[in-house]
Amino acid sequence: MKIYDYYSSDNKELWLNEIEKCDWRAGKYLYELLRNRKLKELCGESTRVLLLTEGDELLAFCTYAEQDDIRDASLTPWVGFAYTFPEYRGKRCMGKLLEYAYELAEKEGHKYIYISTGEIGLYEKYGYTFWKMMTDVYGDESRVYRRKIHHV
């Protein structure tokens, strides 16, 4: 398994087509943002789309971005659009991506890394703890989790 950043990939078209196969509404939205070159405009210029791959197969993906659906400039970075294709669930694919995102945040000197989600019990096993409820850009309440970065 390898982790690539969509933006530095030599085969963006392949990965875009793979993301499009996602059966999740937010994944379809990510596909549209990438296709229309709008993701960085929405989430920040340093945004990365992390792809966990096996050969030409996309197993899971997520974003690592300055902003997500919670707009608070004091909170950064964010993991967003976290998705594992059904046939790869239960194999800790997302764990590999979340750990990679954590390492990026650590290298960049951040104190925390954040996730905004409606899920309960999903991110705790990856070291995230529920922090507080916040209002997202759509006016909905979202659960914000964070993971403390332990600098060496």
Side-chain angles (χ1 to χ4, degrees), residues 1-35 37-40 42-70 72 75-132 134 136 142-152:
M1 285 188 248
K2 287 191 175 182
I3 296 176
Y4 293 100
D5 174 13
Y6 169 82
Y7 289 108
S8 22
S9 166
D10 293 334
N11 204 344
K12 287 183 187 64
E13 197 61 37
L14 168 70
W15 301 125
L16 191 59
N17 289 335
E18 289 295 305
I19 291 169
E20 185 182 22
K21 294 175 186 174
C22 168
D23 61 356
W24 178 44
R25 185 173 49 95
K28 298 288 187 193
Y29 180 50
L30 176 62
Y31 165 78
E32 290 299 326
L33 288 170
L34 289 169
R35 191 171 64 87
R37 296 182 174 87
K38 297 286 187 189
L39 182 64
K40 289 187 174 193
L42 185 69
C43 297
E45 282 304 310
S46 67
T47 297
R48 299 175 192 186
V49 180
L50 306 178
L51 310 169
L52 181 67
T53 67
E54 185 78 69
D56 286 348
E57 191 89 17
L58 181 59
L59 314 182
F61 59 83
C62 70
T63 56
Y64 174 82
E66 297 161 45
Q67 292 291 295
D68 196 53
D69 62 351
I70 301 290
D72 182 334
L75 307 177
T76 192
W78 291 84
V79 169
F81 295 98
Y83 180 82
T84 302
F85 284 91
E87 59 271 30
Y88 301 106
R89 291 182 187 154
K91 297 177 177 16
R92 309 264 315 154
C93 291
M94 188 52 60
K96 288 175 178 44
L97 287 175
L98 292 174
E99 196 56 38
Y100 188 86
Y102 175 90
E103 290 168 9
L104 289 173
E106 184 179 43
K107 284 178 194 159
E108 293 171 3
H110 296 287
K111 190 173 179 181
Y112 292 97
I113 186 168
Y114 300 89
I115 294 178
S116 166
T117 184
E119 301 293 331
I120 298 172
L122 182 58
Y123 296 104
E124 291 86 342
K125 63 185 165 197
Y126 301 116
Y128 287 80
T129 54
F130 173 72
W131 183 42
K132 65 181 179 176
M134 294 182 79
D136 67 18
S142 181
R143 299 177 63 81
V144 175
Y145 288 79
R146 69 183 186 178
R147 182 175 172 193
K148 186 167 181 46
I149 308 292
H150 300 285
H151 297 282
V152 211

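We're numbering straight along the sequence, starting at 1.
Counting only heavy atoms from C-beta outward, the side chains of L98 and Y123 approach each other to under 4.5 Å. You'll find the side chain of T63 reaches within 4.5 Å of the side chain of L30, heavy atoms only. Contact annotation: the side chain of R48 never approaches that of Y6 to less than 4.5 Å [non-hydrogen atoms, C-beta and beyond]. Inter-residue side-chain proximity for M1 and T53 is flagged as unmet; no heavy-atom pair is nearer than 4.5 Å.
To the nearest 0.5 Å, atoms CG (N17) and CG (D56) are separated by 11.5 Å. To the nearest 0.5 Å, the span separating OH on Y145 from OG1 on T129 amounts to 9.0 Å. Residue Y112 holds its OH atom at 4.5 Å from NZ of K148, rounded to the nearest 0.5 Å. To the nearest 0.5 Å, atoms CG (L51) and SG (C62) are separated by 9.0 Å. The distance from atom CG of L75 to atom CZ of R146, rounded to the nearest 0.5 Å, is 8.5 Å. The line from CG of L39 to OH of Y31 is 14.0 Å long, rounded to the nearest 0.5 Å.
Taking the six-membered ring for Trp and the full ring otherwise, W78 and Y114 have centroids separated by under 6.0 Å. Taking the centre of each ring, F85 and Y83 come in below the 6.0 Å mark.
The side-chain tip of K40 points at the ring of Y7 from less than 6.0 angstrom away and within 45° of straight on. Cation-pi geometry between R143 and F130 is satisfied (NZ or CZ under 6.0 Å from the ring centre, within 45° of the ring normal).
A side-chain donor-acceptor contact under 3.5 Å links D69 and S116. If you check the side chains of S46 and E66, you find a donor sitting under 3.5 Å from an acceptor.
Taking A101 as the reference, L50, Y64, V79, I113 meet the side chain to side chain contact (heavy atoms under 4.5 Å, CB included) condition, with sequence neighbours excluded. For E32, the salt bridge (charged side-chain N to carboxylate O under 4.0 Å, His left out) partners at least two apart in sequence or on another chain are R35. Not a single ring pair (Phe, Tyr, Trp, His ring centres under 6.0 Å) links Y126 to another residue, sequence neighbours left out.
Between A65 and T76, the shortest heavy-atom distance links the atoms O-OG1, 4.0 Å. The shortest heavy-atom contact between I19 and V49 is CD1-CG1, 4.5 Å. Looking at every heavy atom in both residues, A60 comes nearest to M94 through CB-CE, 4.3 Å. The heavy-atom pair separating C22 from G27 by the smallest distance is SG-CA, 3.8 Å.
Here salt bridge (Lys or Arg N to Asp or Glu O under 4.0 Å) pairs that include residues 88-104, with residues two or more places apart or in two chains, are E99-R147. Residue pairs satisfying the salt bridge (Lys or Arg N to Asp or Glu O under 4.0 Å) criterion with at least one member in residues 14-23, sequence neighbours excluded, are listed as follows: E18-K21. The salt bridge (Lys or Arg N to Asp or Glu O under 4.0 Å) pairs that include a residue from residues 114-132 number zero, where partners must be two or more places apart or lie in different chains.
For Y88, the OH atom sits in a packed shell: over 12 heavy atoms of surrounding residues, nucleotides or ligands are nearer than 6.0 Å. With a 6.0 Å radius and a threshold of 12 heavy atoms from other residues, nucleotides or ligands, K38 has its NZ atom at or below the threshold.
Formation of a donor-acceptor pair under 3.5 Å by the K2 side chain with backbone atoms of E54 is not found in this model.
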* To do: Before giving the answer on side chain to side chain donor-acceptor pair (under 3.5 Å), spell out for S142 and D136 the whole-Å C-alpha distance, their side-chain angles and the decisive distance to 0.1 Å.
  => CA-CA 6 Å; S142 181; D136 67 18; 5.1 Å; no
* I70 vs V144, side-chain contact (heavy atoms from CB on, under 4.5 Å): CA-CA, chis, key distance, verdict -> CA-CA 9 Å; I70 301 290; V144 175; 4.1 Å; yes
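Using the six-membered ring where Trp is involved, F81 and W24 have ring planes that are perpendicular, over 60° apart on the 30 and 60° scheme.
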